[in-house]
Enquirer: 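Please read through the structure below; I'll follow up with questions.
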Amino acid sequence: MDKVRRVDLRTYGISVVSVLVATVLTISVEPLFQGKAPLSFFTAAVILSAMFGLGPGLLATGLSLVCAVLFFNTIFMLVLSHSSLGAFVVIGIGISVVMGRLQRANAALRRSREALQEANRQLSERERLLSRSNEELQRFAYALAHDLTTPVRSIHALTDLLIQRNADGLDESSKECARLILDKARRMQAMIKGLLDYAAAGESPDEKIHSHAGAAVQKALEDLDSMVVANNAEVAAGPLPVVAVAEEQLVQVFSNLISNGIKYCHGGRRPSIQISAAEQNGAHVFSVKDNGIGLDMDYADSIFGVFKRLHGAEYEGSGIGLALCKAVVESHGGRIWVESEVGQGTTFYFTLPAAPSTVRRLAASVS
Ligand code: ADP
């Protein structure tokens, strides 16, 4: 409060001083004007004072009027017409009002800019905290999954050994139990591997890395060879671009989407999967379309969550595949979504950034 009052007093002080200076200057130039006092110095004093607000502007106008009447109409007996004095007062008040408003608008603008800067600062602080807790969570998931690997592998190996050593002594129901334990241990190993891949997928990408999506599809198909052959699946891919994503991660994305397309198929129908890409606003939109059982679009968002499954044990899976795809795509600034109709098939779409033009030119000349 005290500070505000000090600033006010200073601005009014500036008004008084500027009018006094204007008076002295007007007196000193008077001989050049043959007895007439110019009002330009007073006008300058009013403009200068009005820059500090309406009050200082009005004070300077009033003081200038008093000085003009006192010094140039009375003491120095100079000539100043009443009409020019009246015009000066009107102009002085006008300038004070306009400048006062401008100054208020300026102050409001400054305040909103400061508020915006503060909000921005808070937002980036929150973003920093969020990304730190995300990283911690990812490290925790990675460490947990990693620590679980050894005991699960041991359970699997020991159960296997137990069955082998007691092959003759175990009755059928004990053998069935042991087989179930083996099966569950295998499933748990798959889930842990999925979690480890998922944790790695969210890591910040290396901007220099790029890969050819066509080659990534080929590698995914090599990994899925036995599944493709066993289901007599048909997989066709159109021309695919070079993208700014590590090949290993791109293979994981295609591998999950293609294997889902084969897995969630109709009993008597040959699985058919079509992969294509189109350029849109500097990014590539990929699509992986199948002719399978489809899914209920009410769950179109939730299926991308970790361990989220729509179908039961009749379709094997860990519920991590799509979460992993989402983590890879989003860590590169892309988006993934699904369009489907139950019984008619499903199409997954995802966007990825294009590789820099120099890399694309190089890749085109090589292929
Ligand atoms: P998983 O296949 O291991 O269960 P995903 O994360 O890959 O896990 O998929 C999550 C769920 O989304 C699946 O359980 C399934 O219900 C549904 N889904 C995924 N892909 C398809 C598809 N191509 N057709 C129909 N449903 C699908």
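Counting convention: from 1, in listed order, for ligands and their atoms alike.
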Enquirer: I'd like to check which ligand 1 atoms, numbered from 1 as shown, lie under 4.0 Å from a non-hydrogen atom of G294.
Expert: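 Selected atoms, number and element: 25 (C).
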Enquirer: Checking side-chain polar atoms at under 3.5 Å, does S287 have a donor or acceptor matched by the opposite partner on T347?
Expert: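 Looking only at side-chain atoms, T347 and S287 do not form any donor-acceptor pair under 3.5 Å.
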Enquirer: So, the side chain of R270 versus the backbone of N232: is there a donor-acceptor pair under 3.5 Å, distance only?
Expert: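 Yes; at least one donor-acceptor contact below 3.5 Å.
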Enquirer: Counting only heavy atoms not in F140, do more than 12 sit closer than 6.0 Å to its CZ atom?
Expert: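 For F140, atom CZ is not crowded (no more than 12 foreign heavy atoms under 6.0 Å).
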Enquirer: Which residue and atom name correspond to the protein heavy atom nearest atom 20 (N) of ligand 1, and how close is it?
Expert: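 The protein heavy atom lying closest is N260 ND2, 3.2 Å.
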Enquirer: To which protein heavy atom is atom 16 (O) of ligand 1 closest, and what is the distance rounded to 0.1 Å?
Expert: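 Checking every protein heavy atom, the shortest distance to atom 16 (O) of ligand 1 gives H311 ND1, 2.7 Å.
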Enquirer: Report the nearest protein non-hydrogen atom to atom 4 (O) of ligand 1: residue, atom name, distance rounded to 0.1 Å.
Expert: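 Answer for atom 4 (O) of ligand 1: R309 NE, 2.4 Å.
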Enquirer: Does the N106 side chain pair with the main chain of L102, one donor and one acceptor, at a distance under 3.5 Å?
Expert: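 Judged by distance alone, no pair lies under 3.5 Å.
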Enquirer: Check this for me: K184, atom NZ, are more than 12 non-hydrogen atoms of other residues, nucleotides or ligands nearer than 6.0 Å?
Expert: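 No, not enclosed.
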Enquirer: Atom 6 (O) of ligand 1: which protein heavy atom is closest, and how many Å away?
Expert: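 Protein heavy atom at minimum distance: L322 N, 2.8 Å.
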Enquirer: Look at atom 23 (N) of ligand 1 and say which protein heavy atom is nearest, naming residue and atom and giving the distance to 0.1 Å.
Expert: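 I find the closest protein heavy atom is D290 OD2, 2.8 Å.
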Enquirer: If you measure from each non-hydrogen atom of L310 to ligand 1, which part falls under 4.0 Å: side chain, backbone, both or neither?
Expert: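 Under 4.0 Å from ligand 1, L310 contributes backbone and side-chain atoms.
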Enquirer: Determine whether the side chains of Q122 and E118 contain a donor N or O and an acceptor N or O closer than 3.5 Å.
Expert: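 A donor-acceptor contact under 3.5 Å links the two side chains.
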Enquirer: Below the 3.5 angstrom mark, is there an N/O of A323, backbone or side chain, next to an N/O of ligand 1?
Expert: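 There is no such contact.
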Enquirer: For L224 and S255: C-alpha separation, side-chain torsions, deciding distance, then whether side-chain contact (heavy atoms from CB on, under 4.5 Å) applies.
Expert: CA-CA 7 Å; L224 298 171; S255 199; 4.0 Å; yes
Enquirer: Can you tell me which residue and heavy atom of the protein come closest to atom 11 (C) of ligand 1, and the distance to 0.1 Å?
Expert: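 For this ligand atom, the closest protein heavy atom is K308 O, 3.7 Å.
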Enquirer: Could you tell me whether some N/O pair between G319 and ligand 1 is separated by less than 3.5 angstrom?
Expert: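 So ligand 1 has an N or O lying under 3.5 Å from an N or O of G319.
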Enquirer: Tell me whether K219 is salt-bridged to E247, with the criterion being a basic N under 4.0 Å from an acidic carboxylate O.
Expert: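 A salt bridge links K219 with E247.
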Enquirer: Consider ligand 1: state whether an atom of it lies below 4.0 angstrom from any non-hydrogen atom of K263.
Expert: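 Contact present.
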Enquirer: Could you check if a side-chain atom of I27 sits within less than 4.5 angstrom of a side-chain atom of F41, using non-hydrogen atoms only?
Expert: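 They are not in side-chain contact.
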Enquirer: Nearest heavy atom to atom 12 (O) of ligand 1 wins, so pick from I293, L295, I303.
Expert: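 Nearest option to atom 12 (O) of ligand 1, by heavy atoms: I303.
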Enquirer: Of all the heavy atoms in S318, does at least one lie under 4.0 Å from an atom in ligand 1?
Expert: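 Judged by the 4.0 Å heavy-atom criterion, S318 does count as contacting ligand 1.
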Enquirer: Quick one: look up the protein heavy atom nearest atom 21 (C) of ligand 1 and list residue, atom name and how far away it is.
Expert: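 Here the closest protein heavy atom is Y264 CD1, 3.5 Å.
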Enquirer: How about CE on M227, more than 12 heavy atoms from neighbouring residues, nucleotides or ligands closer than 6.0 Å, or not?
Expert: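 Counting other residues, nucleotides and ligands, CE of M227 exceeds 12 neighbours.
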Enquirer: State yes or no: are the ring centers of F286 and Y349 separated by less than 6.0 Å?
Expert: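 Aromatic pair excluded; centres sit 6.0 Å or further apart.
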Enquirer: Would you say I320 contacts ligand 1, with heavy atoms under 4.0 Å as the rule?
Expert: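 I320 counts as a contact of ligand 1 under the 4.0 Å cut-off.
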Enquirer: At a 4.0 Å cut-off, with the gap strictly under it, does some heavy atom of Y299 reach an atom of ligand 1?
Expert: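 It does not, in that no heavy atom of Y299 comes within the 4.0 Å cut-off of ligand 1.
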Enquirer: Does F348, backbone or side chain, put an N or O under 3.5 Å from an N or O of ligand 1?
Expert: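 Checking ligand 1 against F348, no N or O pair falls under 3.5 Å apart.
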